[in-house]
Amino acid sequence: MMSEAAVEEVSVLESIYCAEGEFELIRKSAQDGLTVQINSSAGGQRSLDVSLLFHLHPVTPSCPPAISVSSARLSRTQCLSIRQKLLDRAAALPPEQPMVHQLVEWLQESVEVTESCRGGEEDVKEGEKEEEWTAVLSLDHIRSRNRYISLLERWTQQLQLTGRLLLGRSILVILQGARPDIKEFCRLLKTVKVDVDSSGRKCKERMMKVLIERPSSPSSGQRLQGFEVKNCESSPELTAVFQEMNMTELLEQILPSLSD
């Protein structure tokens, strides 16, 4: 069920950012929460307009919002840099309190887009080619299945990642995309309460392990599309899924870790 705090925060934001094109409610779902878009600027520089996507979880303000940053005027690296600064700022703010307005104000007043983040178009394109990675993560448990899977799907969408969640004796997450985005995915897993423990209390995924991460290449398998959940209760089923993805070599590399 959606928390009253989340609904109230969105109502306040809508009244504050009331100029044309400044605020938009993207999604409202009792199960998944609220997603809003706020168009703002960085460091008071109106020429550096950015689009901020905030996802308020149904349990807001128990956990900070997920954040995505995009801009037609900034490079991907600059947007990632701004997003990380906002996430760090969110972590430093008092918990259990609405924080989206504070984050937007802080961005407008304090965050500078430095020249060190800038690069020529050729450098950016080359960097993007080098950033395509494949990673396999191992999760300890999934008890609150609907919530957990919903968060994983949302993060892959926000971070522009693709992948698979394999459920069985081993719980594996296969991710493909930019390496900084994969690292951000891992950070979210360890800092957001995604599941419940054996006592039913909300908990973070502190036991997550990165089994392997490496640059993607034509020989390392096909490019995955979207994010899918597959059941792999037996070893033959697990093997079949990796064969379907043309990633049998990857499975062979992680098998020793799965048998530990």
Checking [X] now: which residues fulfil salt bridge (charged side-chain N to carboxylate O under 4.0 Å, His left out) with it, not counting sequence neighbours?
X: Asp195; value: none
X: Asp197; value: Arg201
X: Arg27; value: Asp32
X: Arg187; value: Glu184

Using every non-hydrogen atom in the two residues, find where [X] and [Y] come nearest and quote the distance to one decimal.
X: Leu103; Y: Ala90; answer: CD2-N, 3.8 Å
X: Val229; Y: Arg145; answer: CG1-NH2, 4.4 Å
X: Cys186; Y: Val210; answer: SG-CG2, 4.2 Å
X: Arg169; Y: Ser235; answer: NH2-OG, 3.1 Å
X: His57; Y: Ala66; answer: NE2-N, 4.1 Å

Between [X] and [Y], is there a shared hydrophobic cluster once you connect ILVMFWY residues whose side-chain heavy atoms come closer than 4.5 Å?
X: Trp155; Y: Met208; result: yes
X: Ile26; Y: Leu86; result: no
X: Leu53; Y: Phe185; result: no
X: Ile212; Y: Leu166; result: yes
X: Val196; Y: Ile142; result: no

For the pair Glu9 (side chain) and Ala6 (backbone), establish whether a donor and an acceptor sit closer than 3.5 Å, ignoring hydrogens and angles.
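Not a single qualifying donor-acceptor pair exists.
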Tell me every residue that passes ring pair (Phe, Tyr, Trp, His ring centres under 6.0 Å) with Phe242, counting only those two or more places apart in sequence or in another chain.
none
Side chain to side chain contact (heavy atoms under 4.5 Å, CB included), that's the test. Do Val7 and Val10 meet it? Break it down for me.
CA-CA 5 Å; Val7 175; Val10 168; over 6 Å; no
So do the side chains of [X] and [Y] get within less than 4.5 Å of each other, counting heavy atoms only?
X: Val136; Y: Val173; answer: no
X: Leu172; Y: Leu258; answer: yes
X: Val50; Y: Leu74; answer: yes
X: Leu137; Y: Leu211; answer: no
X: Leu165; Y: Ile171; answer: yes
X: Lys193; Y: Cys203; answer: no
X: Met207; Y: His141; answer: no
X: Arg83; Y: Asp181; answer: yes

[atom1] of [X] to [atom2] of [Y]: how many Å apart, nearest 0.5 Å?
X: Leu238; Y: Leu167; atom1: CG; atom2: CG; answer: 11.5 Å
X: Thr162; Y: Leu175; atom1: OG1; atom2: CG; answer: 8.0 Å
X: Ile174; Y: Arg164; atom1: CD1; atom2: CZ; answer: 8.0 Å
X: Ser68; Y: Leu80; atom1: OG; atom2: CG; answer: 9.0 Å
X: Lys209; Y: Ser138; atom1: NZ; atom2: OG; answer: 6.5 Å
X: Leu152; Y: Glu205; atom1: CG; atom2: CD; answer: 9.0 Å

Exercise answer: donor-acceptor pairs, residues 17-25 side-chain atoms, under 3.5 Å, sequence neighbours excluded:
| unit_1 | atom_1 | unit_2 | atom_2 | d |
| --- | --- | --- | --- | --- |
| Tyr17 | OH | His101 | ND1 | 2.7 |
| Glu22 | OE1 | Ala19 | N | 3.2 |

Quick one about Arg89 and Gln102 (side-chain donor to acceptor, distance below 3.5 Å, no hydrogens or angles considered), yes or no?
no
Does either side chain, that of Gln243 or that of Thr248, offer a donor lying less than 3.5 Å from an acceptor on the other one?
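Gln243 vs Thr248: no donor-acceptor pair found between side chains.
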Identify, with sequence neighbours excluded, every residue that meets side-chain hydrogen bond (donor to acceptor under 3.5 Å, both in side chains) alongside [X].
X: Thr35; answer: His55
X: Glu228; answer: none
X: Gln84; answer: Asp88
X: Ser70; answer: none

Begin from the C-alpha positions of Leu224 and Thr134 and carry the test side chain to side chain contact (heavy atoms under 4.5 Å, CB included) through to its verdict.
CA-CA 10 Å; Leu224 300 177; Thr134 296; over 6 Å; no
For atom CD of Glu8, is the number of surrounding heavy atoms from other residues, nucleotides or ligands below 6.0 Å larger than 12?
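Atom CD in Glu8 is not packed in, count stays at 12 or less.
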Can you list the residues that meet the side-chain contact (heavy atoms from CB on, under 4.5 Å) rule with Gln160, with sequence neighbours excluded?
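Partners of Gln160 by the side-chain contact (heavy atoms from CB on, under 4.5 Å) criterion, ordered by chain and then number, come out as Arg76.
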Can you list the residues that meet the side-chain contact (heavy atoms from CB on, under 4.5 Å) rule with Glu252, with sequence neighbours excluded?
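By the side-chain contact (heavy atoms from CB on, under 4.5 Å) rule, Glu252 matches no residue at all.
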Start with the C-alpha distance between Gln176 and Leu161, add both sets of side-chain angles, then the distance that settles side chain to side chain contact (heavy atoms under 4.5 Å, CB included), and finish with yes or no.
CA-CA 6 Å; Gln176 287 188 330; Leu161 298 171; over 6 Å; no
Lys230/Glu237 salt bridge by N-O under 4.0 Å criterion:
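Salt bridge: no.
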Stepwise side chain to side chain contact (heavy atoms under 4.5 Å, CB included) test for Val69 and Leu52
CA-CA 5 Å; Val69 179; Leu52 308 171; 3.8 Å; yes
